[in-house]
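The structure under discussion appears below in the form of structure tokens.
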Protein chains: 2
Amino acid sequence: MDRQLPDLSALRPAGSKRSSKRDSVLEVFLRQEGHVSADDLFDLVRRETAGIGRATVYRTLQWLVGAGVARKVDFGDGRARFEPAYRHPRHFHLICTRCHSSSEFLSSDVESLLEEIAAARQFTTTQATVQISGICEQCRTGRPTPPVDGATTEMVFARDALRMAIATERSGLDFYTRAAGLTKDPRGRSIFQKLAAEEGEHLGTLETRYRELLAGDPALESRPTFLFFKGAASGLFAEGSKQLRQGVNDQEALLIGIKCERGSHKFFKKYGERFEDSEGKQVFLEFAEEERVHLDLLMREYRALRQRQTKPSPRGRAARRPRTRS
Amino acid sequence: MDRQLPDLSALRPAGSKRSSKRDSVLEVFLRQEGHVSADDLFDLVRRETAGIGRATVYRTLQWLVGAGVARKVDFGDGRARFEPAYRHPRHFHLICTRCHSSSEFLSSDVESLLEEIAAARQFTTTQATVQISGICEQCRTGRPTPPVDGATTEMVFARDALRMAIATERSGLDFYTRAAGLTKDPRGRSIFQKLAAEEGEHLGTLETRYRELLAGDPALESRPTFLFFKGAASGLFAEGSKQLRQGVNDQEALLIGIKCERGSHKFFKKYGERFEDSEGKQVFLEFAEEERVHLDLLMREYRALRQRQTKPSPRGRAARRPRTRS
DNA sequence: CTAGGTGCAAATAATTTGCAGAGGC
DNA sequence: GCCTCTGCAAATTATTTGCACCTAG
């Protein structure tokens with residue numbers, strides 16, 4: 001609950017003055033957890049600061065949206081809702097048409113697909129909206145669901161980022177193990193075995209971190225999924241999976257590994273970068289970095305291998321200096 | 001352009017009367033291709049039928065939405081748009097914020113993911129909205145894009161349904177061919193070879209149909225993709241792909257085939273069923289049916305195999321009548 | 001002192017509603 | 001003739017604007 005407020009002076013548009021009214025609107029707004037309509041916020045502000053006009057609230061919200069502090073969401077009921085953007089990843093909504101509550105989710109797969117679709121249509125995306133309307137569990141069963149505050153959202157996001165990293169790692173471990181089992185060539189097999197060992201080690205690290213995160217809040221694990229993922233976890237190795245044959249030699253094994261690690265690194269880097277500063281973002285970027293280290297190792301190994309291959313068979317210019325590329 | 005109108009008498013809510021005014025609103029509405037706002041429609045109707053009130057248009061649209069003839073879409077600019085639902089598959093939108101045009105797309109993958117997400121949250125979906133906002137190609141490059149009318153949409157949908165079926169078939173052919181190459185057991189291999197041959201044959205049929213469709217309109221092939229798919233085409237065989245090993249015998253091969261064909265059948269049947277009557281829907285349902293035929297064949301073969309396996313080793317009750325299950 | 005911020009009230013803009021009259025069954 | 005539909009105008013709702021006044025820099 002003790003979230004740091006963003007640096008407001010930096011966010012303030014050029015040539016604007018500070019104002020106690022605006023500050024109090026902002027203060028009340030940032031205290032809100034869910035979505036507020038402009039009018040809701042007006043009432044809330046009025047309750048503690050008398051003499052504030054409705055127009056000020058509207059104007060402040062416009063300013064906040066422009067500054068990226070607030071996000072405007074449209075649930076289609078004719079009134080705009082606003083939510084604090086700070087430390088909230090950009091997300092999608094499930095909207096209950098009966099109780100008008102809304103819960104949030106994220107799906108890296110949906111995001112990737114939408115990106116691809118926009119690219120295919122030569123469309124420059126500025127924003128993607130995904131909303132699922134229907135009846136929520138609470139309304140259907142009558143069972144109440146505990147509300148989530150901002151700090152919880154943050155932790156759930158971190159939890160899911162870790163889960164995604166772990167699933168990817170596991171998928172990698174699985175892939176390399178399978179690859180090692182299938183590969184007849186001893187050098188190719190040994191490459192895959194080494195990769196599997198590395199993935200296994202990193203998997204352990206991630207799992208420890210996951211347990212540590214859960215230790216902070218025992219209820220965390222049972223909270224509903226916020227970030228859905230499939231493609232990243234399993235899809236990143238699907239391409240490599242298709243290239244597996246018995247006759248994979250060390251060079252091919254390295255190339256397969258390079259392709260997988262590069263895909264994984266790129267994906268997590270790009271994905272992590274979309275978020276505001278948060279634990280979850282950290283998880284993604286660190287994971288991406290880890291994959292980059294693997295990738296570098298593989299690349300070095302691949303280059304060394306090519307070198308070794310070229311030397312014993314000096315077919316062309318045998319005088320070429322070793323260790324120099326192109 | 002010669003689209004059949006839906007049976008309006010059937011759609012009319014109980015206890016409602018026919019009315020020339022309403023009919024003329026409806027008639028003008030159904031003639032529209034893109035999205036109209038209530039006010040746009042009001043103007044359009046006024047132009048040819050004098051003395052129609054704005055309220056009537058609003059009321060008629062409400063009624064049409066309730067009857068499923070129209071769909072209401074919210075582009076977030078404060079005014080609702082309406083589009084004819086008839087012979088238009090439920091779709092998603094790309095909205096250009098500069099020229100306020102909108103184009104449509106569909107993604108079986110996004111749809112599946114959203115379904116899964118809703119299910120994970122125990123949420124009963126009534127509607128899913130996906131909107132990508134940004135700048136369209138036309139606005140960025142100045143190059144005009146030819147508009148698409150309803151008949152074209154219908155054909156593009158059919159085209160993409162066929163493409164999806166073809167891609168799936170190709171993916172199946174690829175998978176079974178790979179499986180046959182990898183399988184050492186001669187009986188297992190022969191199963192996969194037979195499956196590959198069947199997929200190849202069906203692929204030919206689909207491709208012929210695709211060519212026939214294109215023959216009707218040479219420009220059809222170059223139109224932008226409407227239906228995006230990945231998972232169905234490649235994902236359906238991913239599971240089976242993982243189970244491939246050298247030592248797959250005939251029984252296991254059959255089981256893998258059964259799993260793949262069943263997944264494919266189910267997916268296409270369910271997906272086809274979501275659409276209004278159209279050529280595209282036909283393609284999906286026929287494809288599903290074809291997969292079901294394959295599935296049945298495999299199942300019969302599997303049962304026969306089990307039978308054969310049980311007979312030569314009469315471990316328990318050897319007196320059991322053959323050809324009787326359970 | 002002055003540019004911007006503010007409250008209030010009035011303006012807008014999309015849509016709905018009340019009501020008296022018209023029209024289908 | 002009854003019951004629903006219709007047009008018009010007035011009402012409602014969410015949001016913006018005009019304007020005289022206020023306040024921070």
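Keep in mind that this is a model prediction, so the values were computed, not measured. Throughout, protein chains are lettered first and strands after them, A, B, ... in sequence-line order, and every chain is numbered starting at 1. No hydrogens, no waters, no symmetry mates; every other heavy atom, side chains included, goes into these values.
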query = Quick one: what's the B/S/- string for nucleotides 18-25 of chain C, heavy-atom cutoff under 4.0 Å, read 5' to 3'?
reply = B----BBS

For [X] and [N], give me the distance from atom [atom1] to atom [atom2], rounded to whole Å.
| X | N | atom1 | atom2 | value |
| --- | --- | --- | --- | --- |
| A:Lys21 | D:dT23 | NZ | P | 7 Å |
| B:Leu61 | D:dT6 | CG | P | 12 Å |
| B:Asp43 | C:dA14 | CG | P | 11 Å |
| B:Arg22 | D:dT6 | CZ | C1' | 10 Å |
| B:Phe42 | D:dT6 | CZ | C1' | 12 Å |
| B:Asp40 | C:dT15 | CG | C1' | 14 Å |
| B:Asp77 | C:dA13 | CG | C1' | 12 Å |
| B:Leu41 | C:dA14 | CG | C1' | 15 Å |

Taking the side chain of [X] as heavy atoms from C-beta outward, which of [options] is closest to it?
| X | options | answer |
| --- | --- | --- |
| A:Arg54 | D:dT15, D:dC8, D:dC5 | D:dT15 |
| B:Arg79 | D:dT16, C:dT15, D:dT15 | C:dT15 |
| B:Tyr58 | C:dT16, D:dT6, C:dC8 | C:dT16 |

task = Kindly write out the residues that satisfy side-chain contact (heavy atoms from CB on, under 4.5 Å) with A:Lys281, not counting sequence neighbours, or none if the list is empty.
result = A:Phe275, A:Asp277, A:Ser278, A:Leu285

inquiry  = Measuring from atom NE2 of A:His93 to atom OG of A:Ser101, what distance do you get when rounded to the nearest 0.5 angstrom?
reply    = 11.0 Å

task = Answer yes or no: does a side-chain N or O of A:Gln62 lie under 4.0 Å from OP1 or OP2 of D:dT15?
result = no

Minimum heavy-atom distance B:His100-B:Thr97, with the two atoms named = NE2-O, 3.8 Å

With [X] via salt bridge (Lys or Arg N to Asp or Glu O under 4.0 Å) - residues at least two apart:
| X | value |
| --- | --- |
| A:Glu115 | A:Lys270, A:Arg274 |
| B:Asp77 | B:Arg81 |
| A:Arg54 | A:Asp39 |

task = Would you indicate what A:Arg81 reaches in the nucleic acid, counting non-hydrogen atoms under 4.0 angstrom: base, sugar-phosphate, or nothing?
result = nothing

Residue closer to the 5' end of DNA chain C, A:Ala50 versus B:Ser37 (nearest nucleotide) =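 Its nearest nucleotide lies further toward 5', so the answer is A:Ala50.
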
Listed pairs under 3.5 Å, donor-acceptor, residues 65-75 of chain B side chains, sequence neighbours left out:
residue	atom	partner	partner atom	Å
B:Arg71	NH2	B:Pro89	O	3.4
B:Asp74	OD1	B:Gly76	N	2.8

